[in-house]
Protein chains: 2
Amino acid sequence: MTEPSQHPSETLVERARAHLRASGMRWTPQRRLLVEVLLSTHGHVTGSELVERCRAIDPDTTPSTVYRSLDALEGLGLVRHSHGHDGVEEYHVLPESVHGHLRCEACGGTWDISEAEAQALTQALAGARGFAVNLSHLTVVGRCAQCPPVVATAEPELADAEP
Amino acid sequence: MTEPSQHPSETLVERARAHLRASGMRWTPQRRLLVEVLLSTHGHVTGSELVERCRAIDPDTTPSTVYRSLDALEGLGLVRHSHGHDGVEEYHVLPESVHGHLRCEACGGTWDISEAEAQALTQALAGARGFAVNLSHLTVVGRCAQCPPVVATAEPELADAEP
DNA sequence: TTAAATGCAAAGGGTTTGCACCGGA
DNA sequence: TCCGGTGCAAACCCTTTGCATTTAA
């Protein structure tokens with residue numbers, strides 16, 4: 001995976017263009033902008049965030065174009081979407097390797113979960129149920145090491161009132 | 001309308017009422033209906049599904065009331081919500097035990113994941129990262145044993161074009 | 001040339017909110 | 001009585017769609 005001369009993302013933009021054109025789709029300024037924004041993105045972004053970011057660069061950006069382009073790019077496998085913490089669609093870019101996500105519900109931080117790290121889960125489920133985990137759709141929510149643990153939720157506990 | 005019957009849900013409705021009243025909240029026909037609908041619910045329901053189901057029984061049901069009551073009940077710990085497959089909020093009732101969910105992306109079936117079953121994952125993440133998994137927010141997507149495995153996604157593979 | 005993409009504006013679906021009235025406790 | 005709840009309608013947010021126009025190839 002060594003790119004000889006240029007910025008890695010430079011190459012990726014190039015590839016995105018090639019992919020689009022190879023599929024009979026067109027390489028437009030709007031799509032180029034979107035691809036660049038996507039490539040400058042670390043973890044996940046929601047559709048509306050992408051609209052914003054594109055607009056920050058080109059104020060003429062239109063939501064419909066962004067969403068349609070996102071669709072197109074997704075069809076080519078350049079981006080993928082999953083469901084986010086609040087039920088918002090989230091896109092993430094170029095999954096070089098299949099991985100899941102970890103999100104801290106306190107600080108909002110996110111990290112990747114590698115296949116190796118998820119192995120404990122995938123194997124457990126495969127063994128017990130014959131269930132094949134789709135790692136790219138896995139988001140694990142909880143508390144990261146930096147955030148204080150939950151402070152005794154003071155919960156009514158309806159279900160356990162039973163003697 | 002007080003049946004001295006011993007349907008388990010009968011008891012739970014009673015408890016829900018007690019909980020509400022203990023918190024200074026009121027027990028209204030609308031809330032009673034919602035609680036009954038919730039208790040007759042197996043897995044998860046979306047807010048709008050709940051609105052529908054309530055409307056099926058009482059056509060005068062109003063969305064705003066349902067959502068507000070859902071909020072109230074959630075505040076008491078009687079229901080919990082998580083994010084669903086398409087990013088829709090999903091409620092599930094009375095989590096007697098904390099558990100996650102398993103969803104087959106082919107047949108749409110869902111199952112619970114017990115703490116024991118998730119232990120492999122939670123321990124792995126706790127050990128490696130000090131991350132405390134919130135099991136009730138865990139949804140694992142994949143293929144169940146009954147559904148055929150994915151048939152070679154024929155994916156463009158942008159990220160790794162050549163060896 | 002010519003079909004694909006764009007931009008606009010309007011629709012859509014689920015959820016939320018403001019406000020006056022209603023009704024549990 | 002009194003404050004929480006209800007109902008209605010309108011607002012909202014994000015996303016999608018129809019259609020005429022533009023534009024990449």
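In what follows, chains carry the letters A, B, and so on, assigned in the order in which the sequence lines appear, proteins first and then strands, with residues in each chain numbered from 1.
The base of D:dC14 is not paired with the side chain of A:Thr46 by any donor and acceptor separated by under 3.5 Å. Evaluation of atom-type donor-acceptor distances gives a pair under 3.5 Å for the side chain of B:Arg26 against the base of D:dG4. A donor N or O paired with an acceptor N or O is found under 3.5 Å between the base of C:dG7 and the side-chain atoms of A:Arg68.
For B:Pro63 and A:Leu20, each mapped to the nucleotide of DNA chain C holding its nearest heavy atom, the one lying further toward the 5' end belongs to A:Leu20. DNA chain C is contacted by both B:Arg17 and B:Glu49; B:Glu49 maps to the nucleotide lying nearer its 5′ end (nearest heavy atom per residue).
To the nearest angstrom, P of C:dT6 lies 12 Å from CG of A:Asp58. In this entry the distance linking CG of A:Leu34 with P of C:dA5 reads 13 Å, nearest Å. The CE-C1' distance, from B:Met25 to D:dG5, rounds to 10 Å in whole Å. Counting to the nearest Å, the C1' atom of C:dA4 and the NE2 atom of A:His19 are 19 Å from each other. In this structure, A:Asp60 atom CG and D:dT22 atom C1' are separated by 14 Å, rounded to whole Å. With rounding to whole Å, A:Asp71 atom CG is found 9 Å from D:dT17 atom P. Put simply, CG on A:Leu76 is 15 Å from C1' on C:dA5, counting in whole angstrom units. Rounded to a whole Å, the CZ atom of A:Arg32 is 12 Å from the P atom of D:dA25.
Contact of the B:Leu34 side chain with the B:Thr61 side chain is not registered, since no non-hydrogen atoms from C-beta on lie closer than 4.5 Å. Looking at heavy atoms from C-beta onward, A:Val140 lies out of side-chain contact with A:Trp111 at the 4.5 angstrom threshold. Within the 4.5 Å cutoff, the side chain of A:Leu78 has no heavy atoms near those of the A:Val35 side chain.
Residue B:Gln30 places at least one side-chain N or O under 4.0 Å from the OP1 or OP2 atom of D:dG7. An OP1 or OP2 oxygen of C:dG24 is reached within less than 4.0 angstrom by no side-chain nitrogen or oxygen of B:Thr28. The side chain of A:Thr65 contributes an N or O atom lying less than 4.0 Å from OP1 or OP2 of C:dG7. Residue A:Ser64 has no polar side-chain atom (N or O) positioned under 4.0 Å from OP1 or OP2 of C:dA10.
One finds no salt bridge joining B:Arg55 and B:Glu52 here, because no Lys/Arg side-chain nitrogen approaches an Asp/Glu carboxylate oxygen to under 4.0 Å.
For the residue pair B:Arg53 / B:Ser40, no side-chain donor-acceptor distance below 3.5 Å is found, with atom types taken as modelled.
Within 4.0 Å of A:Arg21, counting heavy atoms only, lie sugar-phosphate atoms of the nucleic acid but no base atom.
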